[in-house]
Amino acid sequence: MSNSKRSDNAPLNPQSASYEFLGPPGALAITLGVPVLTYVLFFTCNDSSGGCPPPVQTLYPSLAQALSDPAFWWKLWDPKAFSVYYSWYAFCLIAWAVLPGDWVQGTQLRDGKYQQYKINAFSTGLLALGLSTGYILRFGVQSFTFFYDHWAGFVSAALSMSFLQGVLWYALSFKEGKLLALGGNSGNFIYDFYIGRELNPTVGSLDIKSFNELRPGMILWLLIDISMACSQATRLGGHLTDSMILVLFFQGLYILDALYNEPAILTTIDIISDGFGFMLAVGDLLWVPFVYSLQARYLAFRPKDLGYAWSAAILAVNFLGYFIFRTSNNEKNEFKNGRNPKNLSYITTEQGSKLLTSGWWGRSRHPNYLGDLLMALAWSLPTGFDTPVTYFYVIYFAILLIHRQRRDDEKCEKKYGKDWDRYQRLVPYRIIPYVY
Ligand code: NDP
């Protein structure tokens with residue numbers, strides 16, 4: 001505890017001083033809304049929904065008919081999907097345990113200690129990809145369409161896992177000696193369950209938060225995209241459209257990049273300051289794989305050919321976004337780990353940390369969000385302009401990142417005080433240089 005910044009008589013786990021997400025009502029609305037929206041995006045946009053979304057006048061009668069049909073409810077509790085999903089989760093756990101990986105330590109915690117992380121998400125991803133490719137080569141593309149065929153069941157399975165984990169880690173956070181998230185100890189059950197009470201739930205040496213962040217959801221997203229491509233190829237007699245290839249390539253690159261750069265997540269807000277509760281569980285396990293794959297799922301049943309010119313333009317948008325995203329995240333990550341290969345300028349705060357003021361972090365306070373947003377746009381463009389639904393991701397993501405930027409600014413304001421004001425004067429733009 002000697003090198004901790006905490007004064008000796010300050011409590012280690014103070015009660016949270018303020019609410020985010022509009023407090024308990026907001027937390028409850030998101031807790032219920034995220035699962036409902038995930039189902040709605042499927043039931044209002046699939047090959048038998050009669051449009052994407054279907055016209056309003058047909059929506060209510062078809063919904064009423066579906067709800068009164070036992071087959072509809074059966075689809076939600078599909079035992080095959082549940083067993084595949086839970087086996088998948090077990091596979092990720094076993095891969096984490098048996099595949100070799102370096103152990104790295106995260107940033108210093110409030111109690112002066114450091115959390116240790118095993119870095120083998122990339123090899124887990126390659127193993128899953130290798131096994132899936134082998135399976136497809138051996139049994140054909142039509143054998144790998146089960147995510148498409150059992151979609152609603154998989155959504156329920158991932159949702160059940162998210163709830164189980166939310167409840168489990170909330171309950172265990174009351175055991176003595178736990179380090180709580182500063183924002184997750186309000187005393188309100190609904191809010192703390194949602195936002196995450198314990199900072200770093202751990203089983204043996206397994207860090208639950210980083211494990212869920214990159215493995216069972218992110219890698220599953222890639223497998224789901226492959227399953228959507230297999231479904232399209234099955235319909236088109238073995239052929240894939242250029243739009244599906246682009247989506248698969250862009251999202252595959254994003255996912256493999258995140259897995260390969262696993263240590264970079266150790267300086268993100270999720271890992272440094274958020275507790276692990278339902279918000280992160282449902283985000284990692286349900287929302288990422290089953291909502292982010294919407295474009296690929298749409299193209300599976302609405303194939304679209306783009307042509308060279310349109311494909312090249314979309315490729316350019318994606319690579320510009322990827323370049324900004326990767327170089328900015330690398331600049332910060334290197335810097336936080338004590339390296340400054342580009343000799344970027346910075347300010348040293350009274351608190352001890354340093355803040356970059358040149359390079360990408362001198363252009364805006366969240367250049368990485370700009371890169372991410374450009375990529376999000378490039379993932380939706382291949383679906384064309386027949387429906388707004390496939391642009392849901394870009395719109396939702398813009399709202400999420402604007403809100404996240406404000407949350408982070410507030411956090412940094414509290415942490416760095418007048419040094420943050422100084423930094424804001426040097427770097428006035430929030431996300432998009434000269435615009436916002
Ligand atoms: P950042 O990686 O941007 O981390 C913010 C933290 O960086 C701040 O809290 C502060 O931490 C530190 N920091 C801020 N300014 C500076 C500076 N000038 N120099 C050095 N350090 C600084 O935030 P996120 O965790 O939100 O994002 C990580 C990545 O994940 C982004 O690329 C984002 O787009 C992506 N993301 C993707 C999502 C998705 O669903 N696909 C969802 C959310 C994020 P400290 O207190 O340590 O100084």
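For S231, there are no side chain to side chain donor-acceptor pair (under 3.5 Å) partners at least two apart in sequence or on another chain. Here S186 pairs with D192 under the side chain to side chain donor-acceptor pair (under 3.5 Å) rule; sequence neighbours left out. In terms of the side chain to side chain donor-acceptor pair (under 3.5 Å) criterion, E198 has no residue partners (sequence neighbours excluded). For C52, the disulfide (SG to SG under 2.5 Å) test picks out C45, with sequence neighbours left out. In terms of the side chain to side chain donor-acceptor pair (under 3.5 Å) criterion, N340 has no residue partners (sequence neighbours excluded).
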Mind listing the side-chain donor-acceptor pairs of residues 286-293 below 3.5 Å, one per line with the distance, residues two or more places apart or on another chain?
residue, atom, partner, partner atom, Å
W287, NE1, Y396, OH, 3.0
Y292, OH, Y396, OH, 3.3
S293, OG, P289, O, 2.6

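We find that D111 and K178 are not joined by a salt bridge, their nearest charged nitrogen and carboxylate oxygen being 4.0 Å or further apart. Under 4.0 Å is where a charged nitrogen must lie from a carboxylate oxygen, and between D409 and R365 at least one such pair does. In summary, D274 and K411 do not engage in a salt bridge, as defined by a charged side-chain N under 4.0 Å from a carboxylate O.
In this structure, the ring of F335 has its center less than 6.0 angstrom from the ring center of Y346.
Here N185 contributes atom CG and L182 contributes atom CG; the two are 9.0 Å apart, rounded to the nearest 0.5 Å.
Enclosure of atom CZ in F323 is not indicated, since only 12 or fewer non-hydrogen atoms of other residues, nucleotides or ligands lie within 6.0 angstrom.
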